[in-house]
Amino acid sequence: MKKIQATIASRNPAKINAVSAVLTELGLDFELQPKDTNSGVSAQPYSLEETRLGAINRSKQALVEGTDIAIGLEGGVFELEGVLYLCNWGALFSKEGELYTAAGAQIPLPANIAASLREGEELGPVMDDYAQESGIRKHKGAIGILTAGLVNRDEMFQHVVKLLIGQYLLSTD
Ligand SMILES: O=P(O)(O)OP(=O)(O)OP(=O)(O)OC[C@H]1O[C@@H](n2cnc3c(O)ncnc32)[C@H](O)[C@@H]1O
Ligand SMILES: [Mg+2]
């Protein structure tokens with residue numbers, strides 16, 4: 001089988017590692033290139049719609065000459081019955097012009113973190129402050145902190161990537 005040329009629309013290691021781990025686990029022969037993209041939405045997406053759109057915009061931009069599949073992953077938050085939830089979306093855009101989308105884990109944010117976000121702060125720095133660590137968004141993520149390390153951000157994104165690649169492989173069967 002021909003080597004799959006994949007791009008991931010971010011330089012965040014949590015996202016790069018997630019795609020790399022899934023393609024490796026599937027035993028696929030691949031080359032993965034990180035690509036800087038503009039999500040086209042706010043730095044802190046504030047609804048399911050905006051988070052999903054960020055993932056889609058990233059995947060479309062990451063599909064360059066020679067790419068077979070381009071993956072965009074986006075983290076965001078949304079309000080549900082007075083609770084602010086973390087959400088995660090992914091999109092895969094193929095060279096055939098097909099778009100696949102999928103969502104990942106959603107988990108409520110503690111009230112004090114939610115309050116900072118409602119004031120316009122971004123989750124990344126707010127989480128670092130909360131946990132007294134730095135660069136949380138690049139590894140364990142908010143979800144790692146909020147689950148006592150049971151589910152880290154790259155692992156959570158692996159699930160999203162599987163949902164995307166699974167749909168793609170089904171369509172190319
Ligand atoms: O470099 P990029 O790919 O943009 O990676 P990012 O960490 O900024 O991730 P997103 O843009 O997808 O996430 C949107 C915002 O939410 C923050 N964020 C999302 N999920 C997070 C998580 O699990 N832990 C910490 N911050 C998170 C992130 O820092 C951004 O401010
Ligand atoms: Mg970002």
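Since the model is a prediction, treat every value here as computed from it, not as a measurement. All ligand and atom numbering here is 1-based and tracks the order in the structure.
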### Task
Evaluate the criterion side-chain contact (heavy atoms from CB on, under 4.5 Å) for residue pair Asn17 and Phe157; output intermediate values, then yes/no.
CA-CA 9 Å; Asn17 293 342; Phe157 272 136; over 6 Å; no

### Query
Is the shortest side-chain N to carboxylate O distance from Glu74 to Arg52 below 4.0 Å?
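A salt bridge is absent here (no side-chain N lies under 4.0 Å from a carboxylate O).
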
### Message
If the condition is ring pair (Phe, Tyr, Trp, His ring centres under 6.0 Å), which residues does Phe78 pass it with, not counting sequence neighbours?
### Response
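By the ring pair (Phe, Tyr, Trp, His ring centres under 6.0 Å) rule, Phe78 matches Tyr85.
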
### Task
Could I get the full list of side-chain hydrogen bond (donor to acceptor under 3.5 Å, both in side chains) partners for Lys35, not counting sequence neighbours?
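With neighbours one apart ignored, the set is empty.
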
### Query
Of all residues at least two apart in sequence or in a different chain, which pass the side-chain hydrogen bond (donor to acceptor under 3.5 Å, both in side chains) check with Glu133?
Lys140

May I have the N/O to N/O pairs between ligand 1 and the protein that fall below 3.5 Å, each with atom names and distance to one decimal?
unit_1	atom_1	unit_2	atom_2	d
ligand 1	3 (O)	Ser10	OG	2.5
ligand 1	3 (O)	Lys15	NZ	2.8
ligand 1	3 (O)	Arg58	NH1	2.9
ligand 1	4 (O)	Arg58	NH2	2.9
ligand 1	5 (O)	Asn12	ND2	3.4
ligand 1	5 (O)	Lys15	NZ	3.3
ligand 1	5 (O)	Arg137	NH1	3.4
ligand 1	7 (O)	Asn12	ND2	2.9
ligand 1	7 (O)	Arg137	NH1	2.8
ligand 1	7 (O)	Arg153	NH1	2.9
ligand 1	8 (O)	Arg137	NH1	3.3
ligand 1	9 (O)	Lys15	NZ	3.4
ligand 1	9 (O)	Arg153	NH2	3.1
ligand 1	11 (O)	Arg58	NH2	3.1
ligand 1	12 (O)	Lys15	NZ	2.8
ligand 1	12 (O)	Gly75	N	2.7
ligand 1	13 (O)	Gly75	O	3.4
ligand 1	16 (O)	Gln44	OE1	3.2
ligand 1	20 (N)	Arg153	NH2	3.0
ligand 1	23 (O)	Ala142	N	2.8
ligand 1	23 (O)	Arg153	NE	3.4
ligand 1	24 (N)	Ala142	N	2.6
ligand 1	29 (O)	Gly124	N	3.4
ligand 1	31 (O)	Glu122	OE1	2.3

### Message
If the test is side-chain contact (heavy atoms from CB on, under 4.5 Å), which one of Ile69, Val19, Ile56 qualifies with Leu92?
### Response
Ile69

